[in-house]
Amino acid sequence: MATLTTPDVRFHSSWLDAAAEFDGARQDGAGADGWPLEELKDPQFFGRFVDWLVKDALPESPRKPGYVPCSYLWIIEGETFLGSLAIRHELTDFLLNEGGHIGYSVRPSARRRGHAARALAEALPIARELGIQRVLLTCDEDNAGSRATIERNGGIYQDTRNGKRRYWIDTA
């Protein structure tokens, strides 16, 4: 069964296989924006990427203006990387309207098997430990799979803003 784990370089090959499946599409919750895929093929460069993902949870870590501390987790089954999940520790105006506290993605070959729903269920207690009492999740209006994942985990629909459905889940 798949589980959430801290990013680790031992999943390098499987991570690259998953990245290829996305075929250039954005991977929500991956933290890979600005990290060129060609360079991530190099083990040392990938190690720096993983180190950055882990350290981004620390409030004192340097980050781009407008970004918040974020706990990155990987969805793993055995030694296979299935996807990513990010817990943003606070909300900016953009995250409040469109991004939410938690973002996730599952590699195309592993979708429709409940991995995202299980990962989100595992992430909610982690969010609570971070002091987040109510978690905001968003999804595109036409993303039926993500809607089902959020609703399966107790998401209460609030409204739609800029094409994003907004749901709240109590973590207490």
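We use all heavy atoms of the structure for the numbers below, so side chains are in, but hydrogens, waters and symmetry mates are not.
His12 places a side-chain N or O within 3.5 Å of a backbone atom of Leu40 that can act as its donor or acceptor partner. For the pair Arg152 (side chain) and Arg118 (backbone), a donor-acceptor distance under 3.5 Å is absent. For the pair Gln27 (side chain) and Phe22 (backbone), a donor-acceptor distance under 3.5 Å is absent. Side-chain atoms of Arg63 come within 3.5 Å of backbone N or O of Pro59 as a donor-acceptor pair. In this structure, the side chain of Asn153 engages the main chain of Ala117 through a donor-acceptor pair within 3.5 Å. Listed for the Arg111 side chain is a donor-acceptor partner under 3.5 Å among the backbone atoms of Val106. Side-chain atoms of Arg107 come within 3.5 Å of backbone atoms of Phe81 as a donor-acceptor pair (strictly under, hydrogens ignored). Of the possible polar contacts, none joining the Thr171 side chain to the Leu124 backbone as a donor-acceptor pair under 3.5 Å is found. In this structure, the side chain of Asp42 engages the main chain of Gln44 through a donor-acceptor pair within 3.5 Å. With Arg88 contributing its side chain and Gly99 its backbone, the two residues share a donor-acceptor pair below 3.5 Å.
Lys164 contributes atom NZ, which lies 6.5 Å from atom CD of Glu98 (distance to the nearest 0.5 angstrom). With rounding to the nearest 0.5 Å, the separation of NZ in Lys41 from OG in Ser13 is 11.5 Å. Of the inter-residue distances, the one linking Glu129 atom CD with Ile87 atom CD1 reads 9.0 Å to the nearest 0.5 angstrom. Atom CZ of Phe11 and atom CG of Leu82 lie 10.0 Å apart (nearest 0.5 Å).
Here the closest heavy-atom approach between residue Ser71 and residue His89 is recorded as OG-NE2, 2.8 Å. For the residue pair Asp56 and Val68, the shortest heavy atom distance occurs at OD2-O, 4.0 Å. Scanning all heavy atoms of the two residues, the minimum distance from Thr3 to Glu122 falls at OG1-OE1, 3.2 Å. Contact record, Ala123 with Ile102: CB-CD1, 4.3 Å, taken as the closest heavy-atom pair. Here the closest non-hydrogen pair linking Ser61 and Lys55 is OG-O, 2.5 Å. Here the shortest heavy-atom pairing between Ala19 and Leu37 reads CB-CD1, 3.8 Å.
Below 30°, between 30° and 60°, or above 60°: for Phe49 and Trp52 the angle between ring planes is below 30°, a parallel geometry.
Note that Arg165 lies in the cation-pi zone of Tyr157, set by a 6.0 Å cut-off to the ring centre and a 45° limit from the axis.
Other residues, nucleotides and ligands place more than 12 heavy atoms under 6.0 Å from the CG atom of Asp159.
In this structure, Trp168 is not a member of the same hydrophobic cluster as Leu120, with clusters built from ILVMFWY side-chain heavy atoms closer than 4.5 Å. The cluster map of Ile, Leu, Val, Met, Phe, Trp and Tyr, joined by side-chain heavy atoms under 4.5 Å apart, puts Trp35 and Trp15 in the same cluster. The hydrophobic cluster containing Leu85 does not contain Trp74, counting ILVMFWY residues as joined when their side-chain heavy atoms lie under 4.5 angstrom apart, directly or transitively. Note on Tyr67 and Leu96: separate hydrophobic clusters, where clusters join Ile, Leu, Val, Met, Phe, Trp and Tyr whose side-chain heavy atoms are under 4.5 Å apart, directly or indirectly. Put simply, Phe46 and Tyr72 are part of the same group of oily side chains (I, L, V, M, F, W, Y) that touch within less than 4.5 Å, one to the next.
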Task: side-chain contact (heavy atoms from CB on, under 4.5 Å) between Leu4 and Ile75, worked out - done: CA-CA 5 Å; Leu4 288 178; Ile75 307 167; 3.8 Å; yes
Task: Residues Tyr167, Leu136; criterion side-chain contact (heavy atoms from CB on, under 4.5 Å); working and verdict - done: CA-CA 6 Å; Tyr167 292 86; Leu136 174 66; 5.8 Å; no
Open item on the list: Test side-chain contact (heavy atoms from CB on, under 4.5 Å) on Leu91 and His101; report intermediate values, then the result.
Closed with: CA-CA 7 Å; Leu91 296 175; His101 283 104; 3.5 Å; yes
TODO: For Thr149 and Leu137, run side-chain contact (heavy atoms from CB on, under 4.5 Å): C-alpha distance rounded to whole Å, both residues' side-chain angles, the deciding distance at 0.1 Å, then the answer.
DONE: CA-CA 10 Å; Thr149 293; Leu137 288 109; over 6 Å; no
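Qualifying side chain to side chain contact (heavy atoms under 4.5 Å, CB included) partners for Gln133, counting only residues two or more places apart in sequence or in other chains: Ala172. Residues passing the side chain to side chain contact (heavy atoms under 4.5 Å, CB included) test with Pro125, sequence neighbours excluded: Arg128.
Looking at Glu141 and Thr160, their side chains do bring a donor and an acceptor atom within 3.5 Å of each other. Side-chain atoms of Ser14 and Glu79 form no donor-acceptor pair, as typed in the model, at a separation below 3.5 Å.
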